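Just so it is clear, the values below take in all heavy atoms, side chains as well, and ignore hydrogens, waters and symmetry mates. Just so we're clear, the structure is a prediction, and the values are computed from it rather than from any experiment. We number each residue from 1, following the sequence as shown.
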Amino acid sequence: MMSQATKRKHVVKEVYGDFVTPTENQQIVKVTGSRGNNLHEAVTAQGVTFLVSMPTKFRKNLWIKRGDYVIVDPIKEGEKVKAEISFILYKDHIQNLQKLHLWPEGFTEEPPEQDKNDKLQDKDKETEEKDEEFSDSEDDESDIFVNTNRCNYHYSESEEEDSEEEDKEKRTENGS
């Protein structure tokens, strides 16, 4: 019997570690939304929409969101649920599949390599000029999940609040 933490460790290692290629009967689909009860709506590169199920081993261990890409196994008996997720593709997996020319044409949204490299170089120059005090430019945090359900409060005391507090203090000192 494997503990929940050990199981999670193995599942996460399996998904993050390996570069996989879809087999003949598997396909890459894009998640377009969640339907609840571990069901997700997905669309193929050809534009066919259907439901996919999240297998038990991924539940409560890995999460997917709208716009993520997954490899699915077909469910032949399925009427509405036509496939089961077998692998969740992250940025490195997608880049590897693109290099191997296994990425579906319908999902190719990136500009040609030369344009992309030029834009990256321009962006690097801009960030170097702006952030000279930060030396950790190799730390790319662009793929870190940001919880949009939390409000980001920025507290700042304005001059009006300060002057009101000073008035109160003066009043208490004068006994009024």
Side-chain angles (χ1 to χ4, degrees), residues 1-121 123-124 136-152:
M1 182 82 179
M2 196 183 311
S3 75
Q4 186 66 29
T6 307
K7 177 184 168 196
R8 181 178 297 124
K9 182 176 74 174
H10 287 293
V11 170
V12 170
K13 184 180 176 191
E14 174 189 329
V15 170
Y16 282 123
D18 303 331
F19 284 131
V20 296
T21 54
T23 60
E24 280 182 36
N25 61 345
Q26 290 178 325
Q27 61 178 333
I28 296 171
V29 297
K30 181 178 185 176
V31 176
T32 57
S34 174
R35 293 288 165 259
N37 206 15
N38 294 302
L39 294 176
H40 300 274
E41 190 175 283
V43 63
T44 65
Q46 293 77 34
V48 179
T49 302
F50 55 89
L51 292 178
V52 297
S53 69
M54 175 77 84
T56 313
K57 73 174 184 176
F58 290 154
R59 295 175 190 176
K60 296 183 181 164
N61 293 328
L62 295 167
W63 285 262
I64 57 174
K65 62 186 183 302
R66 189 174 35 239
D68 283 350
Y69 294 94
V70 294
I71 295 178
V72 295
D73 287 310
I75 300 174
K76 292 187 175 101
E77 318 83 59
E79 289 180 34
K80 291 182 180 176
V81 182
K82 296 200 182 312
E84 182 177 62
I85 297 169
S86 70
F87 200 83
I88 300 168
L89 297 170
Y90 293 100
K91 192 166 61 173
D92 295 342
H93 301 123
I94 293 169
Q95 289 172 350
N96 185 51
L97 288 168
Q98 287 171 338
K99 283 178 192 166
L100 298 171
H101 303 290
L102 295 171
W103 192 248
E105 286 288 319
F107 291 145
T108 305
E109 301 160 357
E110 304 222 4
E113 278 300 312
Q114 188 57 44
D115 294 344
K116 195 171 135 186
N117 287 340
D118 291 343
K119 285 180 184 175
L120 286 173
Q121 288 173 350
K123 193 175 180 182
D124 286 345
D136 295 333
S137 61
E138 69 271 354
D139 291 343
D140 182 20
E141 296 181 351
S142 62
D143 59 346
I144 291 180
F145 175 74
V146 177
N147 186 350
T148 55
N149 294 327
R150 300 273 183 212
C151 292
N152 290 333

Sub-4.5 Å side-chain heavy-atom contact between Val48 and Val43 = no
Flag side-chain contact, heavy atom, 4.5 Å: Ile64 against Ile85 | yes
Partners passing side-chain hydrogen bond (donor to acceptor under 3.5 Å, both in side chains) against Asn25 (at least two apart in sequence or in another chain) = Thr23
Whether Arg59 side chain and Met54 backbone form a donor-acceptor pair below 3.5 Å = yes
Return the set of residues passing side-chain hydrogen bond (donor to acceptor under 3.5 Å, both in side chains) with Asn38 (not counting sequence neighbours), or none when no residue passes.
-> none
Apply salt bridge (charged side-chain N to carboxylate O under 4.0 Å, His left out) to Glu41 and list each qualifying residue two or more places apart in sequence or on a separate chain.
-> Arg35
For Val29 against Phe50, the heavy-atom pair lying closest together | CG1-CZ, 3.9 Å
Would you call Ser86 and Gln26 a side-chain contact if the rule is heavy atoms closer than 4.5 Å?
-> yes
Shortest non-hydrogen separation from Lys30 to Phe107 and the atoms involved | N-CZ, 3.6 Å
Those residues that, when tested against Thr21, pass side chain to side chain contact (heavy atoms under 4.5 Å, CB included) (two or more places apart) | Leu97, Leu100, Leu102
Side chains of Ile94 and Tyr69 in contact at under 4.5 Å (non-hydrogen atoms) | yes
Phe87/His93 aromatic ring centres below 6.0 Å = yes
Residue pairs fulfilling salt bridge (charged side-chain N to carboxylate O under 4.0 Å, His left out) with at least one residue in residues 68-90, sequence neighbours excluded | Lys65-Asp68
Minimum side-chain heavy-atom gap Leu89-Ile71 below 4.5 Å | yes
Can you list the residues that meet the side chain to side chain contact (heavy atoms under 4.5 Å, CB included) rule with Val81, with sequence neighbours excluded?
-> Leu39, Leu51, Ser53, Ile75
